[in-house]
Chemist: 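Have a look at this one before I ask anything.
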Amino acid sequence: MAALSPEVAAVSSAAPWLAIVGIGEDGRAGLSPAASAALDGAGLVIGGRRHLELAGPLSAETLAWPSPLSDAYPTILARRGLPTCVLATGDPFHYGVGAELARLVPAEEIAAYPQASAFSLAAARLGWPLAEVACLTLHGRALERVIPHLQPGARLLVLTWDGSTPEKLAALLTARGFPRSRLTVLEAMGGPRERRRSTLAADFSQDGIDPLNTVAIEVVAEPDARVIPLAPGLDDAWFESDGQLTKAEIRAVTLAALRPRAGQVLWDVGAGSGSISIEWCLRHPANRAIAIEAREDRAGRIRRNALALGVPDLRVVVGRAPDSLAGLPAPDTAFIGGGVSDPALVAAVLGALPRGGRLVANAVTLESEALLLRLHAEHGGTLRRLSVARAEPVGHLTGWRTAMPVTQWALAKP
């Protein structure tokens with residue numbers, strides 16, 4: 001969703017005309033007097049069909065959200081200055097429509113009346129301190145987003161897509177080595193249909209789950225559970241690969257050289273198995289990465305790795321760089337792991353970076369190393385050679401097997 005334009009900001013009346021009212025399963029009875037007044041004073045009330053029923057009876061014109069919701073935004077904006085009310089579940093600014101509308105309408109033109117979010121209600125029901133709980137949403141999002149949060153002893157509160165999500169979560173937990181994790185399904189909280197049921201992931205057999213539900217997870221890991229470590233350098237075996245994989249030790253050093261910051265965008269050029277992109281996204285939930293890979297089979301492998309490791313939003317672009325870079329969102333940081341021997345590719349990536357943006361390139365061949373030496377002479381930055389040896393069997397004994405050395409060039413664009 002685009003940010004508020006200067007033109008829209010310039011015509012701000014600084015008088016609230018858009019009321020965003022959080023409504024619970026108790027309907028009008030749970031609204032404050034101020035929220036009720038905003039609802040009754042509106043000429044148009046917009047919300048989901050369930051919201052409109054909960055708020056009834058309504059004398060104003062009503063509009064049920066279309067699909068996608070954004071199709072209704074022009075109607076809302078066309079009423080600028082006229083009393084308008086949008087209904088949302090609980091707290092409209094906690095994974096709700098309020099955040100989207102605030103990108104279109106100045107804050108001084110909005111009067112918000114939030115209620116307790118599903119997270120707050122669930123924490124209150126369970127006696128969990130909300131500040132110590134990971135709050136996630138799977139509504140409209142891939143189930144695998146929960147994977148990085150599956151840490152031993154963690155407590156999660158998860159907004160679901162529908163009544164089928166709890167069972168899918170239980171199956172995922174069991175498959176990844178968390179069968180004794182406890183799932184509590186909290187349905188239709190705050191209303192007459194409220195219900196709470198609890199079971200272990202491996203024993204999950206609940207049916208007839210209300211589509212409006214939140215799942216609480218108490219994570220219990222078996223010794224062999226697939227727990228995503230918090231440090232970079234995941235074991236190589238965690239990645240499906242055809243050999244095009246930045247090995248764990250080199251990957252950890254490369255992530256350190258990239259210096260990820262929250263919310264940044266990475267270009268991973270010549271992504272291979274996607275290990276750098278995936279670990280970049282794992283560093284912070286707001287991080288985004290675009291993996292550019294020339295081969296379709298490897299691109300499919302990257303997508304599978306991303307799902308398995310809990311970063312399903314990783315974007316994969318199939319094509320040969322630098323041509324495939326055209327039109328992509330600008331990067332904050334870039335890594336070149338394949339094709340570093342092409343000067344035109346390096347120039348294109350460097351040109352796309354903003355001032356201060358970081359570029360890291362790894363070379364294993366003499367030809368690509370020669371290019372990095374020349375680039376270092378022209379642009380500066382840092383050069384280092386990385387060499388790793390692993391102990392492996394030599395007959396009945398053990399010896400060191402040295403991997404090919406990697407030359408790494410890192411630059412902060414001046």
Chemist: I would like to know whether Asn362 and Gln408 meet side-chain hydrogen bond (donor to acceptor under 3.5 Å, both in side chains); could you show each step before the answer?
Modeler: CA-CA 5 Å; Asn362 288 355; Gln408 183 178 92; 3.1 Å; yes
Chemist: Quick one: is the NZ or CZ of Arg226 closer than 6.0 Å to the six-membered ring centre of Trp238, and within 45° of its axis?
Modeler: yes
Chemist: Testing the basics here: between Met189 and Ala118, what is the closest heavy-atom pair and its distance to 0.1 Å?
Modeler: CE-O, 3.5 Å
Chemist: Can you give me the closest heavy-atom contact between Pro83 and Gly41, atom names plus distance?
Modeler: CB-O, 3.4 Å
Chemist: If only side-chain N and O atoms count, and only distance matters, is there a donor-acceptor pair under 3.5 Å linking Ser341 with Ser368?
Modeler: no
Chemist: State, to 0.1 Å, how close Ile147 and Ala308 come at their nearest heavy-atom pair, and which atoms those are.
Modeler: CD1-O, 3.7 Å
Chemist: Does a side-chain heavy-atom distance below 4.5 Å link Phe204 with Thr174?
Modeler: no
Chemist: Compute whether any side-chain donor of one residue and acceptor of the other, for Ser198 and Arg182, lie under 3.5 angstrom apart.
Modeler: yes
Chemist: State whether the side chain of Gln151 and the backbone N or O of Ile228 hold a donor-acceptor pair below 3.5 Å, judged by distance alone.
Modeler: yes
Chemist: How are the rings of His379 and Trp409 set to each other: parallel, tilted or perpendicular (split at 30° and 60°)?
Modeler: tilted
Chemist: Got a donor-acceptor contact below 3.5 angstrom from the Glu293 side chain to the Arg295 backbone?
Modeler: yes
Chemist: Between Thr62 and Arg49, is any pair of side-chain heavy atoms under 4.5 Å apart?
Modeler: no
Chemist: Work out which heavy atom in Leu156 is nearest to a heavy atom in Trp128; give both atom names and the distance.
Modeler: O-CZ3, 3.7 Å
Chemist: Would you check, one step at a time, whether the test side-chain hydrogen bond (donor to acceptor under 3.5 Å, both in side chains) holds for Thr89 with Arg50?
Modeler: CA-CA 10 Å; Thr89 300; Arg50 181 177 62 86; 3.0 Å; yes
Chemist: Given the rule in the ring pair (Phe, Tyr, Trp, His ring centres under 6.0 Å) test, do His94 and Phe119 qualify, once you have shown the distances and angles that lead to the verdict?
Modeler: CA-CA 9 Å; His94 206 160; Phe119 298 127; 4.8 Å; yes
Chemist: Between Gly208 and Glu187, what is the shortest heavy-atom contact and its length?
Modeler: O-OE1, 3.9 Å
Chemist: What verdict does the side-chain hydrogen bond (donor to acceptor under 3.5 Å, both in side chains) test give for Thr84 and Arg79, after you've listed the backbone C-alpha separation in whole Å, the side-chain angles of each residue and the deciding distance to 0.1 Å?
Modeler: CA-CA 7 Å; Thr84 304; Arg79 292 182 54 83; 2.8 Å; yes
Chemist: Shortest non-hydrogen contact from Ser277 to Leu266?
Modeler: CA-CD2, 4.2 Å
